[in-house]
Amino acid sequence: MVFSTPSFLLLYLPTVWLIYLLLARCALPRLLLAWLGAASLLFYAVWDIRLLALLLASIGVNYWLTGRVRQRGWLWVGVAFNLGLLGGFKYSVFLLSVLHLAPHPLSPLVLPLGISFFTFQQIAYLVDVRRGHARRETGSLYEASLYGVFVSFFPQLIAGPIVHYRALAPQLSRLGRPSSAQVRLGLVLLAFGLCKKLLLADNLAPLVERLFSLPAHAIVAGDTLVAGWAFGLQLYFDFSGYADMALGLALLFGVRLPQNFASPYRAADIQAFWRRWHITLSRFLRDYLYIPLGGSRRGLPRHIVALMVTMLLGGLWHGAGWQFLLWGGLHGLMLTALLMWQRVACVRLPRPLSWLLTLSLVMLAWVPFRAESLSHTVALYAGLGQWQWGALGDLYRDLTQGVMALGTSSALLLLGSFIAFFTPRSAVWARWLAKPKRAWWQGAVAGAFFMAAAKAMVDLPGQAFLYFNF
């Protein structure tokens, strides 16, 4: 199920939530935990019941390993198991193509949903237990259930945020009836996320598809510029919309998940961008890869190597393809260039100019992320050398049509840009609405957004979230 479909919003969620509320009136937290666990496994099984066994096996093996990772050798076994599982499903065909070998008949053809996220989440827990940052309890049935729900909790199972056990498990162990404030805030965030996904991301999808489907010989500079810009906005509203929905859904059960976005396109430099974009992944890469590689503590050469390796592997995490490695490498080069500039330059760029430069580079770097292959990426970037207006000219012509321009993809592109670049993020609006004596405004805003989302669901077929592919 996709969060933005009628089957989830009108059948699954009301059923799971209402039963949870009924149980919360008279049940112990352990029964609530069992219900959430069963509901989460059902949520995953609906996609493909064959993949449920994979999820359960991953949870079972990792839980067993957490009792042994105090011994260093077992930690490496756990990391190898998780990376082997991820690699087998996500990268085996890619590696065979690199070696110019034909895929084996048993090579996996389906990428299990959420495997990148629940694999990283469990690696983080193994490392945290080893470091003493998290505890492995007695191994009772209840503790095993707590661990299982920590991994499979349906609001964040498929596309994050990546959550630490020490942050989520205490909340799951104290499950109870959510407060009215939590429910109101959760519904507002759910409504915000639905509108980001259905009204903005899904409506930008045809424009993005058209630009990335242009024949290689016909691509010009204006096409590449608008392609990167449009996809950057589509991806942002799609993924941040999911993040808003995940936070809102968790609040309906009294659980707080971490923020994953903080207006990344308003960042004034590339370091700030990565502190604001996909925050939980950035922290994971920093804590479990960049810092162990030496970070900034062992001299400039080691610092640059740590940056490049982290970003290359971060790119590869998103997808099995050379274009994802290129995307990660571009961000590594941007971070390295900023590091060198900060060390040697005696001046700093004015903030507006620094912001515009960062935004332009980030949007252009999205091109390989969306491209079908490395050769497709090269064709799109080669178009920058042929200055013609292309899609930029189409954008200008659309916007000169007066009122008729309001229904065009060009107008949507500008509206999305204004929202992403200049307005406060969803969490800020939600906190403002959550202040005392604003409950009526919360209801009005959530109701209006839910109505707009419902109309969009009727007008457009449901589309999966982009990060489901990663």
Side-chain angles (χ1 to χ4, degrees), residues 87 90-103 111 116 204-236 238-239 264-265 270 273-274 277-278 304-305 307-338 340 356-395 409 413 466-467 469-470:
K90 193 168 184 177
Y91 303 106
S92 58
V93 175
F94 172 64
L95 290 175
L96 289 171
S97 70
V98 171
L99 298 172
H100 303 289
L101 298 174
L111 179 65
S116 297
L204 283 169
L207 172 62
V208 173
E209 180 64 29
R210 178 172 65 82
L211 292 170
F212 279 89
S213 299
L214 291 172
H217 68 274
I219 298 171
V220 297
D223 298 326
T224 302
L225 292 173
V226 177
W229 177 16
F231 178 66
L233 289 175
Q234 181 199 5
L235 183 65
Y236 171 71
D238 188 278
F239 195 25
Y265 290 151
I270 193 64
F273 171 81
W274 277 105
W277 174 276
H278 204 340
I304 293 173
V305 169
L307 279 176
M308 290 303 301
V309 171
T310 299
M311 296 314 300
L312 286 169
L313 291 178
L316 194 61
W317 176 85
H318 284 87
W322 291 111
Q323 67 271 33
F324 293 102
L325 273 173
L326 175 60
W327 173 78
L330 289 173
H331 276 273
L333 289 174
M334 285 189 277
L335 288 165
T336 300
L338 177 62
M340 299 304 296
L356 185 59
L357 176 62
T358 301
L359 180 65
S360 301
L361 292 174
V362 166
M363 291 301 189
L364 281 173
W366 285 128
V367 169
F369 200 89
R370 174 58 173 78
E372 296 176 0
S373 64
L374 190 59
S375 60
H376 188 205
T377 301
V378 172
L380 285 159
Y381 279 146
L384 293 172
Q386 303 181 43
W387 179 253
Q388 294 181 40
W389 287 99
L392 277 176
D394 297 338
L395 175 66
S409 58
L413 191 63
L466 294 176
Y467 255 76
N469 298 319
F470 310 134

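Predicted model, so just to flag it, every value in this text is computed and none were measured. Numbering starts at 1 and runs along the sequence shown.
Between Met308 and Gly329, the shortest heavy-atom distance links the atoms CE-O, 3.9 Å. Nearest heavy-atom pair across Gly228 and Val367 is CA-CG2, 4.1 Å. For Lys90 against Ser116, the heavy-atom pair with the smallest separation is NZ-OG, 2.6 Å. In terms of heavy atoms, Thr377 sits closest to Ala371 at OG1-CB, 3.2 Å. Pairing each heavy atom of Ala216 with each of Ala379, the nearest pair is CB-CB, 3.8 Å. In plain terms, the two heavy atoms of His278 and His318 that are nearest each other are CD2-NE2, 4.5 Å.
Between the CG atom of Leu307 and the CE atom of Met334 there is a distance of 12.0 Å, given to the nearest 0.5 Å. Atom CG of Leu357 is separated from atom CD1 of Ile270 by 9.5 Å, given to the nearest 0.5 angstrom. Interatomic distance, CZ of Phe212 versus NE2 of His376, reported as 7.0 Å (0.5 Å rounding). With rounding to the nearest 0.5 angstrom, the CG atom of Leu225 is 6.0 Å from the CH2 atom of Trp387. Going from atom CG of Asp394 over to atom CZ of Arg210 covers 6.0 Å, rounded to the nearest 0.5 Å. In this structure, CG in Leu204 is found 10.5 Å from CG in Leu211, a value given to the nearest 0.5 Å.
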Open item on the list: I'd like to know whether Leu359 forms a side chain to side chain contact (heavy atoms under 4.5 Å, CB included) with Phe273, so could you lay out the CA-CA distance, the side-chain angles of the two residues, the decisive distance to 0.1 Å, and finally the verdict.
Closed with: CA-CA 9 Å; Leu359 180 65; Phe273 171 81; over 6 Å; no

Task: side chain to side chain contact (heavy atoms under 4.5 Å, CB included) evaluation trace for Met340 with Ile304 - done: CA-CA 10 Å; Met340 299 304 296; Ile304 293 173; 4.3 Å; yes

TODO: Would you please test Leu312 and Val309 for side chain to side chain contact (heavy atoms under 4.5 Å, CB included) and show each step?
DONE: CA-CA 5 Å; Leu312 286 169; Val309 171; 5.7 Å; no

Task: Stepwise side chain to side chain contact (heavy atoms under 4.5 Å, CB included) test for Trp277 and Tyr236 - done: CA-CA 9 Å; Trp277 174 276; Tyr236 171 71; 3.8 Å; yes

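Ring centers of Trp366 and Trp327: under 6.0 Å apart, within the cut-off.
Checking Val208, Leu413, Asp238 one by one against Leu233, the side chain to side chain contact (heavy atoms under 4.5 Å, CB included) holds for a single residue, Leu413. Applying side chain to side chain contact (heavy atoms under 4.5 Å, CB included) to Met311 and the options Leu330, Leu333, Leu325, Leu335 leaves one that passes, Leu335.
No donor-acceptor pair closer than 3.5 Å links the side chain of Thr224 to the backbone N or O of Tyr381. Side-chain N or O atoms of His331 include none that pairs as donor or acceptor with a backbone N or O of Ala365 at under 3.5 Å.
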